[in-house]
Amino acid sequence: MTTHEVTLEWTDGRTRTLDVAESQTVLEAAQRVGARLPYDCRSGTCITCVGRLLGLEDGETDAEDGARPDVRDAFAYRRQPRALTDEEYGEGYVLLCIASPQADCRIEVGPRVRAEVGDSPWA
C-alpha cells in the first residue's frame with residue numbers, strides 16, 4: 001500500500017504531518033489520528049473541508065511568475081469536486097473530504113482558506 005506524507009499547515013503556525021494511503025482521503029487520515037478538520041457533506045459539494053496546496057515533495061512552491069503547483073500532480077478525486085470553480089481549482093484549492101494524495105505535499109488549512117474560497121455554488 002502506497003502512502004504519502006501530507007503536512008497540514010494552519011494559519012496560526014501549527015502543523016501536523018499525516019501518513020495518508022492513496023486509498024484514503026486526507027480527511028479520513030486526519031480523523032484516524034485525531035487531527036480536527038472541518039467537514040460537512042463528504043461528497044465535494046459544500047466546500048467546508050477546503051484546503052490550499054502549498055507545495056509538493058520536490059519543494060515546488062509559488063514560482064516567480066505566480067504559478068502554483070498543479071493540484072492534479074498531488075491529488076486524485078473520488079468524484080468530481082463540484083464545489084470548486086475551475087479558477088479555484090487552478091489556484092490550488094482542494095476538497096479534503098474527497099481528495100486522495102498522489103505525492104507528498106503541504107496543504108494550508110483553516111478558516112482563512114475557507115473564507116478565500118467563498119460559498120459553494122450548491123449551497
Side-chain angles (χ1 to χ4, degrees):
M1 172 172 56
T2 302
T3 63
H4 296 287
E5 285 189 354
V6 175
T7 300
L8 305 175
E9 298 184 11
W10 283 266
T11 55
D12 65 5
R14 290 178 296 137
T15 64
R16 178 94 185 244
T17 300
L18 313 171
D19 289 322
V20 186
E22 284 187 349
S23 62
Q24 285 184 304
T25 67
V26 174
L27 177 62
E28 290 168 344
Q31 289 180 321
R32 178 178 41 86
V33 298
R36 295 182 61 171
L37 292 175
Y39 69 93
D40 190 14
C41 72
R42 290 185 173 259
S43 64
T45 60
C46 80
I47 219 151
T48 303
C49 67
V50 71
R52 186 173 59 91
L53 180 63
L54 296 173
L56 299 175
E57 65 184 1
D58 62 5
E60 182 182 340
T61 56
D62 292 351
E64 287 182 22
D65 64 1
R68 293 197 168 279
D70 193 327
V71 171
R72 292 172 291 213
D73 293 335
F75 295 98
Y77 278 112
R78 288 188 173 171
R79 61 186 62 79
Q80 182 66 27
R82 295 179 32 164
L84 293 176
T85 66
D86 290 340
E87 182 179 350
E88 291 162 344
Y89 192 68
E91 291 174 355
Y93 292 100
V94 59
L95 299 178
L96 304 178
C97 72
I98 59 172
S100 299
Q102 304 300 296
D104 294 354
C105 60
R106 296 175 18 252
I107 306 168
E108 182 179 26
V109 295
R112 187 178 86 200
V113 177
R114 168 67 176 81
E116 290 170 354
V117 176
D119 292 328
S120 167
W122 308 104

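Residues: numbered from 1 along the sequence shown. The model shown is predicted, which means the values in this text are computed figures rather than measured ones.
For Thr7, the side-chain hydrogen bond (donor to acceptor under 3.5 Å, both in side chains) partners are Thr17, not counting sequence neighbours. Glu22 pairs by the side-chain hydrogen bond (donor to acceptor under 3.5 Å, both in side chains) definition with His4, not counting sequence neighbours. Partners of Arg36 according to the side chain to side chain contact (heavy atoms under 4.5 Å, CB included) rule, which considers only residues two or more places apart in sequence or in another chain, do not exist here. Looking at residues two or more places apart in sequence or on another chain, you find no side chain to side chain contact (heavy atoms under 4.5 Å, CB included) involving Asp86.
Contact detail for Pro81 and Tyr89: the closest heavy-atom pair is CG-CE1, 4.5 Å. In plain terms, the two heavy atoms of Cys41 and Gly44 that are nearest each other are SG-N, 3.5 Å. Counting all heavy atoms, side chain and backbone alike, Val50 lies closest to Arg114 at CG1-CA, 3.7 Å. Taking all atoms of both residues into account, the shortest heavy-atom contact from Ala35 to Leu18 is CB-CD2, 4.5 Å. In plain terms, the two heavy atoms of Glu108 and Val113 that are nearest each other are CG-CG2, 3.4 Å.
Summarising the geometry, atom OG1 belonging to Thr15 is positioned 13.0 Å from atom CD1 belonging to Ile107; distances are rounded to the nearest 0.5 Å. Of the inter-residue distances, the one linking Arg52 atom CZ with Thr11 atom OG1 reads 10.5 Å to the nearest 0.5 angstrom. Atom CG of residue Asp40 and atom SG of residue Cys46 lie 4.5 Å apart, to the nearest 0.5 angstrom. Of the inter-residue distances, the one linking Thr48 atom OG1 with Leu37 atom CG reads 12.0 Å to the nearest 0.5 angstrom.
With a 4.5 Å cut-off on side-chain heavy atoms, Asp73 and Leu53 do not count as touching.
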With a cut-off of 3.5 Å and sequence neighbours excluded, list every side-chain donor-acceptor pair involving residues 90-102.
from: Tyr93; atom 1: OH; to: Glu116; atom 2: OE1; distance (Å): 2.7
from: Ser100; atom 1: OG; to: Gln24; atom 2: O; distance (Å): 2.8
from: Gln102; atom 1: NE2; to: Ser100; atom 2: O; distance (Å): 3.4

Practice task
Tell me, with the steps shown, if Val26 and Leu8 meet side chain to side chain contact (heavy atoms under 4.5 Å, CB included).
Solution key: CA-CA 10 Å; Val26 174; Leu8 305 175; 4.1 Å; yes
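Applying the salt bridge (charged side-chain N to carboxylate O under 4.0 Å, His left out) test to residues at least two apart or on different chains, the pairs with a partner in residues 5-17 are Glu9-Arg106, Asp12-Arg14.
Shown here is Tyr77, whose OH atom has more than 12 heavy atoms of other residues, nucleotides or ligands within 6.0 Å.
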